[in-house]
Every structure is written in structure tokens, then in C-alpha cells.
Amino acid sequence: MVSGYGETIVVQGVNIDVAKGEIVVIIGPNGCGKSTLLKTIFGFVRSSSGRIYFKDDDITGAKPFDLVKKGMGFVPQTENVFANLKVMENLEMGGYTIKNPDFDEVFRIFPVLREKKNEKASSLSGGERQMLAMARTMMTRPDLLLMDEPSAGLAPKMVDVMMEKIKEIKNGGSSVLLVEQNAKSALRIADRGYIMVMGKNMFEGKADEILDHKEIGRLYLGKKEEGIKN
Ligand SMILES: Nc1ncnc2c1ncn2[C@@H]1O[C@H](COP(=O)(O)OP(=O)(O)OP(=O)(O)O)[C@@H](O)[C@H]1O
Ligand SMILES: [Mg+2]
């Protein structure tokens, strides 16, 4: 798939897939086009060539609203909650297309949101805010969740909490396409991964293989030692 902004091509030929029930992680340096790739899948950015398929249907060029109806959810990298609204109001917005929105599942995975449901989103910690962003998107019970750097800017402990939450989301029946800079933590919960460099996927493999891969670790994951497991 190829996409970009105006004349600028950012995603220069990416070929990826996510199978049902998988967590797939995309890792790559800043500016390589990870967010653009997710935005293209979700219909915010138009692809200029290539096709995108979801549940066996060609969804190339489909609009976000229709993709949500079809079972896709997107947690953007930034501005992913309504800061001035209460936690509960954010969740209600997330589920506004649903007839009888069910809050139990998101409160089960994110109990802190139940505790703070009457607080404004702006009063939440960074981690709680990311949880709210995920929870809002989960209100439509998506079969595939696209997540753009949910652990960015969080303390290491919180990063791992976030990854555990993503695993719970998967266990709840959603497939996940995750973009992450915290490569190690993400690969530990992922089934497979892709390394994206300058708009292309350069390497793909099982998450374990990537964690163990000497050259990938050194080149793209900032590790001098063998693999990146430790
Ligand atoms: N709305 C936009 N208009 C024009 N160019 C953009 C726009 N958004 C991103 N770009 C450019 O596209 C390229 C890829 O950006 P993108 O946000 O997809 O990268 P990324 O891999 O998600 O980076 P990061 O790791 O920093 O989040 C960058 O050169 C960026 O400047
Ligand atoms: Mg990005």
C-alpha cells in the first residue's frame, strides 16, 4: 500500500496482515510512517495505490464511520480523549453508535475508570488517559483494534501495565494492530511483528524471533547486545 499527504509519499509500499486473534506490532523509527499507515487503514488518509482488506472485503477508501460499523476501532496517537468531558461522558461518546452500550467489559479491564467515572478526563494521569482512549474505542466491541503508541510517554512500569491490558483486550476477542516505540515490551505480548523503515516493512517475523534477532536489535531497536530480550 502507498499513501501520503498531497505530493508527499510517506507509506511507500507496505504489505502487512493481521490474522483473527493476533496481536501484531509495528516497530520503526520516528517519522517512518507508522501513524500514516494506521490512518490510511482507518480511512483518514487516502491510499494512492494498493488495496486494504478487512474480513475478506475490500475496504480501500472506506470512511472511518463505516469501518467502525464493520468492526474496526482506532486509538490515535494524540488527542484521543475529550479532555473537558468526564470519563463516563467519553465512554458514552465512544458507544454512541451502539443501541445498548455495555460499560461492564471496559470497567472489567480498566477498573480505575469505574472509580473515576465522574472525573474529567483532563484530571487523569497519562496512563489512565491512555486507558480511557482504549476504553472509548472498545465501546463498539471492535473485532480489530488499531492502536498508535498507547504507551508513549509512560513510565516503564506503566508501559508494562498497558501491554497487559492490551493482552486482556486480545483475550476478550479483539485482534490488535499495535504501533509501538517500546519495542521490547510490545514484542513480549505480540504474536508477530514488522519492522518499518522509511515507509516500508523491511522485516517481519514471530515476536520471539524479533526479540532474539541480533541484527534487527542492533539496527532498529537500539541494542548493542545480542537480541533485545534483556
Ligand atoms: N498531516 C500531515 N501532513 C503532511 N505531512 C505529514 C502529516 N502527518 C505526518 N506527516 C509526515 O509524514 C511522515 C511520517 O509521519 P508519521 O506520523 O506517519 O510517522 P510515525 O512513524 O508515526 O512517527 P512517530 O514515531 O514520531 O509517531 C513524517 O515525515 C511527517 O512529517
Ligand atoms: Mg506516529
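A quick note: this is a predicted structure, and the numbers were derived from the prediction, not measured. As the structure lists them, so they are numbered: ligands from 1, and atoms in each ligand from 1.
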Subject >> Numbered atoms and elements of ligand 1 in range of Gln77, under 4.0 angstrom, heavy atoms >> reply: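 Going through ligand 1 atom by atom, the ones under 4.0 Å from Gln77 are 27 (O).
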Subject >> Check: Lys34 side chain, Pro29 main-chain N or O, donor-acceptor pair, under 3.5 Å >> reply: yes
**OP:** Using a cut-off of strictly less than 2.8 Å, determine whether Gln77 has an N/O/S atom near the Mg ion (ligand 2).
**Re:** yes
Original post:
Does Thr36 bring an N, O or S atom to under 2.8 Å of the Mg ion (ligand 2)?
Top reply: no
Give yes if a backbone or side-chain nitrogen or oxygen of [X] is under 3.5 Å from a nitrogen or oxygen of ligand 1, and no if not.
{"X": "Ser35", "value": "yes"}
{"X": "Val10", "value": "no"}
{"X": "Cys32", "value": "yes"}

Subject >> Pairing of Arg108 and Asp102 as salt bridge, 4.0 angstrom limit >> reply: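 Not counted as a salt bridge, because no side-chain N and carboxylate O are separated by less than 4.0 Å.
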Original post:
Does a side-chain N-to-carboxylate-O contact under 4.0 Å join Arg188 and Asp160?
Top reply: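 Result for this pair is no, no salt bridge flagged.
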Look at the side-chain heavy atoms of Ile, Leu, Val, Met, Phe, Trp and Tyr, link any pair under 4.5 Å apart, and say whether [X] and [Y] land in one connected group.
{"X": "Met163", "Y": "Ile26", "result": "no"}
{"X": "Met88", "Y": "Val106", "result": "yes"}
{"X": "Ile59", "Y": "Val176", "result": "no"}

Protein contact of [atom] - nearest heavy atom, named by residue and atom, plus distance:
{"atom": "atom 23 (O) of ligand 1", "answer": "Gly31 N, 2.8 Å"}
{"atom": "atom 15 (O) of ligand 1", "answer": "Thr36 OG1, 3.8 Å"}
{"atom": "atom 10 (N) of ligand 1", "answer": "Tyr5 CE1, 3.4 Å"}
{"atom": "atom 24 (P) of ligand 1", "answer": "Asn30 ND2, 3.6 Å"}

Original post:
Does the side chain of Glu180 come under 3.5 Å of the side chain of Ser151 through a donor N or O and an acceptor N or O?
Top reply: yes
Original post:
Does some non-hydrogen atom of Gln181 fall short of 4.0 Å from ligand 1?
Top reply: yes
Original post:
Under the criterion side chain to side chain contact (heavy atoms under 4.5 Å, CB included), which of Pro64, Pro76, Ser35 is the partner of Phe44?
Top reply: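 Of all the options given, the one that passes is Pro64.
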Original post:
Within the structure, does at least one protein heavy atom fall under 4.0 Å of atom 30 (C) of ligand 1?
Top reply: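 Looking at atom 30 (C) of ligand 1, one finds that no protein heavy atom lies closer than 4.0 Å.
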